[in-house]
Structures are given as C-alpha cells and as structure tokens.
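Read through the structure below, which is laid out as structure tokens, and then see the notes.
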Amino acid sequence: MVCLYDEGSSRVTVRDTIHQSVKKQSQIVLTPSKSIDNIFKEVSKDFEYNADEIELVLQKKDGTMYVLNEYKGKTVAEAEISWTPSERLHIIISQLKNKTMSLYVHDAAEDDLLLGASASPTTGETPSGTYYERMSEFETNYPTSSCAQARPAVVESTNYVGLVNQAMTCYLNSLLQALFMTPEFRNALYNWEFDGINETRSIPFQLQKLFLNLQTSSKSAVETTDLTTSFGWQGSDAWHQHDIQELCRVMFDALEQKFKDTNQANLINDLYEGKMLDYVKCLECGTEKSREDTFLDIPLPVRPFGSTVAYNSVEEALRAFVQPETLDGNNQYHCEKCDKKCDAHKGLKFTKFPYLLTLHLKRFDFDYNTMHRIKLNDKVVFPEKLNLNSFITPSLSESEPMEEREHAVKCDDCSTTDSGSADDESCQGTDASSTVNGQDDNCADSDEGIDVSSGNNHHEEEAKGPYLYELFSIMIHSGSASGGHYYAYIKDFDKNMWFCFNDQSVSGITEDDIRKTYGGGPQRGYYSGAYSSSTNAYMLMYRQIDKDRNCRAMTVEHFPQHIQKLLQDMRRKEEEDRINREKENDMMKINVYCYHPGTNTLQHVIISVFTDSTLAEAVQYAHQRLKLDSYVDVADCRLVVYNKKHDCVDYNFDSDELKFCDINHLIIQMNQIIYCCDWLLEVKQPGTEFENYKPGGINLKVYPITLETEEVDEPKIVRVDVDDAVKDLKSKLSNILNMEVASIHVVLEMYSSELKYLECDDDVVKFDSTSRDQKLYVCNSLDDDPEKVFNNSKLRKVIEHFSHVIAINVVLPETDAATLESLSIPSLDFNQNLEKLDLASGDRGSSSPSLRVSPQPCSSDGYGDQSNSEDSSLSDSDRTLVGEAPGDCLALLSSNSNSPGDQHMASPTDPCEDSYNYAALGHPGEEMMWDDEVTQQEMPQHSQPHYINYYFKVTSTVHNNDASGTENNYTRCCKILVDNRMTLERFKKHLEVILRVPSRYFKIYKQYPNSDDELTCLTDTLRLTKDGERLIVKLGRVLKKDEIKCGVYHLKPDCMDTNNLLFEHIITKGQTVKSVKKEILLQAKKQHMLDIPYNKCRLREKGWKKPKRVYMDDERFDKDILVSPNLDLFLQELSEPDTLISKDQAVVFIRQWCPSTLTLKPFQEVILNSMTMDELKRKIAEVSGIPAENVDVAYIKATFPCDMHLLDIHSGLDWNPNVTNLNQWPLHADEHGSVFFFKDKTEALKELSLEERNELSRKENSRLGRLSVKSYSPCRERALKIYLDTTPSKSDENCID
C-alpha cells in the first residue's frame, strides 16, 4: 500500500451512471479526515439522489476499488484508503438495487463517441458495486471483514476461454463464442450423442469437444483446427475471411444435415426459425394471395434503396422491411378476381418470430458511381429490450397510408461477404467512423440503445404479446468493405454481465463500448467509401423473454453420461499430450561440427539428445549421423566445445560420462565463461592422445617468414591458451614448423596492426580472445645484423610490408581447350603485346622491399609502359618464379615499402617473362598510394605520383579429386596470399596466369551460404574480403559498355516448351537482328549441335513464357527494339522457310480442337495481314481445309502454351465471340503470339459414359499436375463451403454453401 497522504487533499471526479440526474459529473475534495458519510451527503445533494439508494465506488488509477457503502461511519483514513498527490481518483455513482444491465461508464469525455472512438472495450476498469452482489455466489475468496483492505478489481479475471485465430478465422471465433454463450443451443448440443462414425469429420462431435474446452479448460485460449477439419477445410481455407452471417447460415445447414434422424433433428428450427408471409393484395377488391416462408435471420438494410439517409434504429429498419410496395402503372398486378390489372400492395408480414432472433445489418453495399464496394458506417441504434409484438398485428401493413412513407424499400436477402486482408482492428483499436445522417450532437446522451436505468419503462405502452426480446450478442466488424476484423460483445445470462470475445482475448466491457457499436461519428464524406474504415455492429442476436423456455447453461455436474465420458477422454488425451511434451522438453538439439576425414571439409549436423544423455552417447549418435564408420573408430572421437566464429575449440571436458544437464553446473563451479552452443566432433589418429584444451584459448594464424628472401609462407594454425608463456608458445611452434626453439623469434600483430615482439620467454602471451584480426609472425632471426633490435630490424620491415596481406581460397573452373571452345572463349595469347608489359615495375617481381628503382608516373595511354632501372646486384634467389604446378610458388610482388627510405622499388626481370605476355596490368593511376598515409605525408610535395604494386602469391593448389565439396565444373582450389588493397581489376590480371584465360572472359564471385554474389566493380579493392574467405571464379565474358546479356531459348515446331534455355548470348546495342541471328546459330551449332538453316528460323521476343513479336532482320537493338537487363529471346525453329515480310503482319498460333475424338492437334502458325476475325478464319480455312463459315474460334487467355483440361475445352471456352476486330472486348487479342483454338462447328461432340469421363478426368489431372487441394489465390474471393463427409477434392456436390 502507498503511505497515506495525511496532510494532502485531492480533487475527485464524480461520475453518474444512473443517468436520472441533470448533472453528469462533478467534483469533490477528498481528505484523509473526511468521513464517508459526508461524501455521501455531498454527492446526493449535488446529483439530487437519495443517499440510501445509491452506491459509491472509489476507483484508483491502478484499478483498485473501494465500495464506500461498506465504510459508512468511518473516515477516509480509517477505511485505509490511500493515494499519492499526483494520482487521479474517481467516484462512480450506481444504483444500489440490481439493474437491468450491469454496466458502468468509464472515464472518458462525453464526446468520445462523436470523435469516432473505437467500439472497443475499456481495459482496466470494473463495474459498479452491484457486481459483487451478483457475483457473491460465484466468488468465495473475498474477505468478509469490513476492516479488511479494499477488494481488487476482478473484471479482467473473467475465467472465460478465448479461441485461437488460425489465420483469418476471427469471423468463425466470434460466431462460435456467441453460440457457446447461448444456453439453449449449448444444452441441446450436449444432449446429442455421437454414433462413433468418422470422428474427425463429425461437425456436432467436434463442436461438442470445442464447447467442453471452452467450459472446462484452464487454458487462456483453445484451438479450432479440429472443428475446421470436420468442415473439410484445408490449410489455405484459414487464410480466407468470410462474412459471419454467411458462416452462420452455412453452418446451421450443415448441422441440420448432421442432426437428421436424431432427437436434435429440429434443433435449428426450434431455436432460430421464424415465419413470414410473402403476399400480394389487390387494392380494388381486397383479395390477398400469400405464400408462407421461413427465415433464420432477418436482413435489415441500413439505408433505404437509392437513399443516402440511413435508418435511425433497428425498429425503423424493421418497419421499413415490412412496408409494402405499391404495384402500379406498368407494374400493375393481374387480379384473378377482378380479371384485370389492378394496383396492389406487395410485401412481407411476420407471422411468427423465433425464440432466438438474429438481425443482420446489411452494411456492405455497392456504389455504382465509383464502381467500388463500400461499407455503410451509419449510426443505427438498437435497444436492449426489443418488442416485436406490433409486427404480428395483421392490420399493420394497412394501418399506415402509403403517402406517409417517403421511400419504398427494396428488400434483398443476399449478404455481401467482406473477405479480404485489410488491417485488423482489435478491441482496443480506435478509428473514426463515417455516417450519412450527420453528426449526432446528443450521441452520448441518446435515450435509444442500451437502457441502464432501473427498468424498461418505455416498453410498457408498447404492444402486448409473447415477442419481447433481450439483446445478448453483438457481432462487430472493424474495417472496410475490402476486409477487416470480427469480434463479439456477448452477455453472460448467469452473471448478467457483458464481455468482449476477441479471438484469444476475453475482457469486460462498458456501456460506452456498446454505444460505440451503433456506428456513426464525424462526417468524412458523402459516403463511407471502400477505403474508409470503421467499427460497428454487423449482426445482433436477441433471446425471447420467456420464463418457461429461458434456462441456464448446463454445468459439469449435470452433463449427460456421454458428455462426461467424452470430457474424461479429452482430459486423458490432454494428459498424454502433456507427458509427450515433457519428454520433448527433456530433449535438446545441439549443433555438431566435424572436419570430415574423408572429405577434409567442415560438416554440420543437428542432433537431438536427452538432457540426461552423456557426452559419450552423443558422440555415438554424431558418429552415426556423420557416417564416419569407414573412416574412424568411434573410440577416436570426442565432443568438445567449439567456437564457430573463431574456428577453435573453447574447452574439452575431462569425462565422457558427463551429462548435458550437469554441464552448466560444472561451468559455474569452474568460474569460467564457456558458451556450449556449438560442439566439435574431434577426431584423433589411432594410438595418439587427445589434446587438452583450456578455456579461453584461441587459434592464431602463424605466418613463417624467410628473412633471406623476405617471403611469407602459407599460414599455419597454433593454439594459444590464456596462461601460455612465450616459451610454451615457442615449443608449440617448434613442433608445427620443425624449427629449433632457440632460434624462434615470435611477433604478435594485434587487431590495430600493433606489432609486439615476444622477447622474454617467461612472459605470458597476452591476446584478445574476442578478436579475429590477430596474427603471429615467426622467423629464425631478426636481421642480418645481430646487433639490431626488433624496432629497427629487417623482420619488422617485412612484417609491416605484409600487414595488409590476407589468405583467401579461390576455386577455379575447368579451362581445357574443349571447354573454352564450347563457350567461345579464347585462350590467353602468351606472346601478344610484349612491348606493353614491363614486369620490372609491374606486379610480378621480387618480394624484397630493398629493391630500388626510380619512380615513374603513368604514361599518356593509361597503361604501365614505363621503363625502370634494375638493381643488377640481385641474385636469382631474390627473383620469384612463376609456374603452374602446385609446388611452384606464384609470387607476384613488387611493392613499395612503407618506410621513407624504401619508396622507390621495382622487381627484377622475371625468368618466365619471355614465355608469358599480356596487356599491362590495368591502369597504374588507379593504384596510387592513397591508402598509405605515412608515405603520402613523407612524400615531397613536388614529386610525381607513385604507384604500388601489391603482393600476390599462390601458396598451394588442391585438385578436385582431393578436395571434394567443390562443384563438378571446378577443378582446382588455390590458396592465395594477396594484399587486400589490390583492385579487382589487378587481381583478375593475376588470375590470368593461372587460368590462361583473358580476364574479360571470367567473373569472380564471393561465396555465401545460399547464393554467390558477383564482384563487378573493377576499381573496388579487396578490403571487404576477409581473411580465409572463399572466392569462386566462373567462366563467362564480362560485359563491355553498350553490351547486353540475353538468354536464348529454343522453340521447336513439335515442342512448345518455353523453358528450353540454350545459352546466354551477348548483344551490342545498335547491332542488327540479322547479325545477332547468325551469331546465335553459330553458337547453337557449336554448343548443342543444332544445324538450323538461316531461312527456317526467326528471333522472337520472349515475354515471360509467351513468344511475342518477331524481330525483323533489318531492325536494330536499342534503336528499334527495346532492350533491358533481363532481355530474353526465342530462337524459333520453323518447318518451312519463313514467309513473314513485314513487321506490320501478326504471327499467331492456332490449334484445332476435334470434338468427335476429344483431342487437340499440334500447334500451327498463321500470319495475319490484319487483326480481324474474318482474316483469322480465312487463314484457318486455308490451313485446315474447313470452310470459313464453319470455323468456330476461341481465344485462349491461359499462360503459353495454353495447356487445358480436355473436358473444359468444348464447354468452358467462349467459342465464336461476336467481334469484328481481334482487339475488341472481350478478346483484346491484339498482340503477336496469341493462341486460338478452332473447331469445325458441324462436328458432333463425343458422348462419354460416367466411367469414361472419370478416367479421362483422372488422366488429364495427372498430365496437368493438378493437386487435390485448390491453390490459394489472394486476389479472388472464394465461396464459403462446409463439406459433409467428403474432402473438397472428392466432390463438391455434398457440401453446404
């Protein structure tokens, strides 16, 4: 409790919910010393009420309530009522006696409704004190002592169960909750006994189970999937929203079918069926003819037909519903008695109302001005008590003269379905509404609607009779005509309380919440359009007030024997499911990685183990999943904690008998930070021991350096633990590199390129366990001069020079002569342009940073044709040999040193230079030392630009037969050391040496788990390429400026498969179709052995799958033909020489349908000189021999090649449409490549027996790949159907729709 605010006072807002006083709210001052009796005196005087007849409830912001009637004779302090200075308090006035409807007014402005507030329940607020009196028989946990602390709010704790929305089944959930809260329907359903046949497809049985869950489940919400399965619905049906009134009608029809020949056969009719007369009455002789009809609901138009003004209330809409229509003028009625046409009245009369009355407010309409479906959000009020006795009076239709009616009503019993996917608005949503009868300034104070006074006094003067109804359910639609959300306000008859049932959520509501469902609000336009949204009542349910028939819902103790047994079976099944879930919860999934000894690749599996499983048991399962039986014994495997990010082992546990459930406890005892997310199945050699891994250690890459040649070799991996001394690290390096411990010098490079020489053997190696950018450099000496320290040594200069070098894996394709020839890719000419190559200043040369040459700027042509002087003192050991074999070290390096004294360097002449030549390695101007800040700062201002030639070295090559995991068309995987400042263009030039293919004929891709991303910008560097990443080289020419890559698809006369991709071809903008066709024919012959004559083929535009217009030989791409990055072409092969001579002619496909044999002949092609129906029939007659007057034509709008079900062709197509031009409606067949079916109209249709039809249908379904479940189409509404004992795929005849 908050400490009592002893000396302070607070102004309290007092609100009246009785509405019998002129004043609606007031304020009083509340202090701790003020007596409760004085509060009653002030309130009763202010609102002119008797203090003994009202109940005051003090409500705090947190929902705590104090019924002040219980504290009379005490002060506020004695009642232990406390508040804070800033807290807002309210006192609610309600009647002390029981009211008709237990609702209260929440704290909101009186014009909330006018502002278009949502018709949603107000959370966190509770009804008045009379609620406790009514609930006393249900709630036993409240303290009885008057001095006990105030009772908390209980409205939100409703103990009602919600329904889970499967996807868009809010309409179903709302109706089911309304039926469940109808005692008569629930009791009758419980009395129905299941016969045990086809449990999953029995709708009443699944409805029984659902109602039992709603009544007895301890869950907050239950599923409806079993019920919808009994409807015959598949997964996609849950994604279609339907009209709730349509569902009610269809489900009642289905239940009637299921209830046949049972005691509940007349259940729906007994509860919901009413009767009316459809009559015509002659106004001259008074003769009346009528026909009795039945109804389950009454559809009430919101507006009169053709009017823009809505009915004000449900009663007014009902009166308009029975208002007769006058048949006069040309619409006179022929009276048999008068034997002539006479004026007459035609209308409806109610003769019997049902026990449960359903009113459907027809809020969905169609606007013929805008051709949009709209929702009418007009205000239509409805009473809590509805007296319909006056509608049974036989003289009602004659009692009012027709002149008193302004509008004739056209009644329509069809409902409009609001299926769609508009944004849902929940119970708490707020949206401005639209109305056509204007803004009601007295909306909040309207006398119509829910009456919260002590009685329904205004009904006393109304007609007497049995048809007096009370409201108990409001189905609410929130949204627009294109879609929305349903939820329901439903009254609990036992508690006399209203609740909001919104899918999973069930909460209490207020009087204002119900008022807001009337609709209306600020006027936003002429009408509520298709794109406006509002929240209002859509369907109302009333129950007849009849003491003999009104009953309470059946309790568990009074369940019939079969329902009690069903409930026990359900609970037993739930217990079994719970046990199975607990077993599943006792299992865990772990990621296991392993360097497979057979493939030498890192493989990954996910295995499930019990929490009490041991590591040894998990090893056996992982060993089996990874299929290691033929490679390694399970005894030579163990599981260790693996760090996937750093590719290292975090820790190994000492015992294989350790259980997974004990690992976390063990880690806590060790006081270590170990994340057991991933595991590595470590494999050792037989007869050896496993290595012991301490927590916190990491794997570091070690780069061996040969100081004499200043070469860096391929990196090795060494594990460094947190407590390793330098001498321990040297010992490990000695074993890995086969070096003497005494001669090892170790340098650690941190993530900031900081170099740390590990000199003292007793020092602990300090590293950052979270960083991956750490390296170790190892050498057998610091410098040629043994007196030099590390900072001035040659070793430091070499390391600094290699600070940007990364190790990457490059997968190379097959580049043999046959492959290159098939792809029209030339091999690299090793003897061309020798004069343009200068390796002395290029990228190929010595790795020695001590080499000096004079700096040379780029020449005027943009290529590196400069001449550099060579230091002749270099020995052959300083030169780098370029070779192909894996053992030949491909070292392409001549990089300027980062030190000021070594700015001018070049490489010696390469021994292989006379055997390999190609264009200069890109533009030197692109690789200026822009990223070498030190050098730039120390360069003289007057000096010319300098260019860096970056490091490139192939350390090893693994061939495909040794390195699986690569695709079949890749033969080698090279490990390359490269400076990440090198541009992509220069990098590709280096790969030319290995591939022996010009750089413009291959592409480089960065490999990702699900796709490969091409590196296209040649001026980009490799800075974004991480150490250890994998690049893939694929053959294919790189596009130049004004070049477009297009796919070429083969279209054959005997096969109209549009997905037959031949190859990709490159077209230059401005190139003629004739030259492109020759190139394509040549490439088709080389790659696919297709020998197609030039005059028997054509190039056509490919529009998705459809062959479109034909490209003429003299047309040019990008000038006459629009080109795009995704250009595709058809190479259409013809059986005869091409006769198309003009682009004004149209080429269309035709296909003959033979009704007598139910077959389709192969495709044919005709050339039309004009797009007319007569021209098409004339051409068809020439090709087929059928007289033109007997040719019937149908345009096929399906996707090419227009494969249709044979049983749908004859009756499903629009044969011989009445059009002159093919581009007229409804054909619109004005483009090349259109498909037409034709037939001889004199040919009779073959008659099939039922067996033959079913067999043909089965074969066609199999040929077309039709599934048994209809695919979901979000663009088209589907009718709501409930299937009885059959699935949708079997039959649609035995269904309710």
Side-chain angles (χ1 to χ4, degrees), residues 103 106 108 116-127 153-182 210-211 213-215 217 219-225 227-228 238-239 241-245 247-248 361 363 418-431 433 450 471-480 483-492 495 497-519 533-541:
L103 296 172
H106 72 108
S118 169
S120 58
T122 307
T123 59
E125 298 173 352
T126 55
V154 294
V155 153
E156 294 180 354
S157 189
T158 59
N159 295 327
Y160 292 96
V161 180
L163 294 173
V164 176
N165 192 330
Q166 296 183 34
M168 298 177 68
T169 57
C170 54
Y171 65 99
L172 173 66
N173 294 347
S174 301
L175 180 62
L176 291 175
Q177 292 284 16
L179 296 178
F180 171 74
M181 296 294 288
T182 306
L210 180 63
F211 279 14
N213 276 326
L214 289 174
Q215 187 168 352
S217 177
K219 300 178 182 178
S220 61
V222 294
E223 297 279 353
T224 59
T225 49
L227 178 63
T228 55
W239 291 90
Q241 188 184 90
H242 294 285
D243 186 89
I244 194 171
Q245 185 269 344
L247 172 68
C248 183
L361 301 180
R363 291 191 175 274
D418 60 322
S419 58
S421 57
D423 293 336
D424 290 353
E425 299 180 25
S426 65
C427 269
Q428 305 302 324
T430 304
D431 195 351
S433 301
I450 300 298
L471 180 69
F472 75 93
S473 178
I474 306 170
M475 309 295 179
I476 300 163
H477 181 265
S478 174
S480 67
H485 178 60
Y486 283 101
Y487 56 96
Y489 291 169
I490 306 176
K491 176 182 178 180
D492 187 326
K495 300 179 181 179
M497 290 294 300
W498 283 79
F499 298 93
C500 170
F501 292 82
N502 187 2
D503 290 338
Q504 293 96 326
S505 171
V506 183
S507 58
I509 62 171
T510 70
E511 174 189 356
D512 279 353
D513 293 328
I514 295 182
R515 283 179 179 171
K516 291 170 188 175
T517 64
Y518 297 162
S533 178
S534 187
T535 301
N536 35 54
Y538 183 65
M539 197 163 73
L540 308 172
M541 287 187 176

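We're numbering straight along the sequence, starting at 1.
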Minimum heavy-atom distance between [X] and [Y], given as atom pair plus value:
X    : Y    : result
T535 : S478 : OG1-OG, 2.9 Å
L175 : M541 : CD1-CE, 4.0 Å
A488 : M475 : CB-SD, 3.9 Å
I476 : T517 : CD1-CG2, 3.5 Å
Q504 : A221 : CG-CB, 3.7 Å
I244 : S174 : CD1-CB, 3.8 Å

Next item on the list: Take S505 and N502, measure what side-chain hydrogen bond (donor to acceptor under 3.5 Å, both in side chains) needs, and give me the verdict at the end.
Entry: CA-CA 5 Å; S505 171; N502 187 2; 5.8 Å; no

Next item on the list: May I have the step-by-step check of side chain to side chain contact (heavy atoms under 4.5 Å, CB included) for Q177 and L214, ending in yes or no?
Entry: CA-CA 9 Å; Q177 292 284 16; L214 289 174; 4.1 Å; yes

Any side-chain heavy-atom pair from [X] and [Y] closer than 4.5 angstrom?
X    : Y    : answer
W498 : I490 : no
I514 : I509 : yes
Q241 : C170 : yes

Next item on the list: For this output row, return yes or no: ring centroids of F501 and Y487 closer than 6.0 angstrom.
Entry: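 No.
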
Checklist line | Near-ring test Y489/F499, centroid separation under 6.0 angstrom | finding: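 When the ring centroids of F499 and Y489 are compared, they turn out to be at least 6.0 Å apart.
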
From [X] atom [atom1] to [Y] atom [atom2], the distance as rounded to the nearest 0.5 Å:
X    : Y    : atom1 : atom2 : result
I474 : K491 : CD1   : NZ    : 11.0 Å
Q245 : Y171 : CD    : OH    : 13.5 Å
L210 : S217 : CG    : OG    : 10.5 Å
L179 : C248 : CG    : SG    : 6.5 Å

Checking the side chain of [X] only, and the main-chain atoms of [Y] only, is there a donor and an acceptor separated by less than 3.5 Å?
X    : Y    : answer
R363 : A537 : yes
E223 : L163 : no
N165 : T169 : yes

Check: Going through the checks in order, is the side chain to side chain contact (heavy atoms under 4.5 Å, CB included) test met by D492 and M181?
Finding: CA-CA 7 Å; D492 187 326; M181 296 294 288; 3.8 Å; yes

Notebook entry, point to check: Relative to the ring of Y538, is the ring of H477 parallel (under 30°), tilted (30 to 60°) or perpendicular (over 60°)?
Noted result: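 Ring orientation, 0 to 90° scale: tilted.
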
Next item on the list: Show your working on side chain to side chain contact (heavy atoms under 4.5 Å, CB included) between T224 and L176 and close with a plain yes or no.
Entry: CA-CA 10 Å; T224 59; L176 291 175; 4.2 Å; yes

Item checked: Evaluation steps, side-chain hydrogen bond (donor to acceptor under 3.5 Å, both in side chains), between T225 and Q166 -> CA-CA 8 Å; T225 49; Q166 296 183 34; 5.5 Å; no

Check: Does the side chain to side chain contact (heavy atoms under 4.5 Å, CB included) test come out yes or no for D503 and V164, once each step is laid out?
Finding: CA-CA 6 Å; D503 290 338; V164 176; over 6 Å; no

Check: Does a side chain donor of either Y486 or N173 reach within less than 3.5 Å of an acceptor in the other side chain?
Finding: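 There is no such pair between these side chains.
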
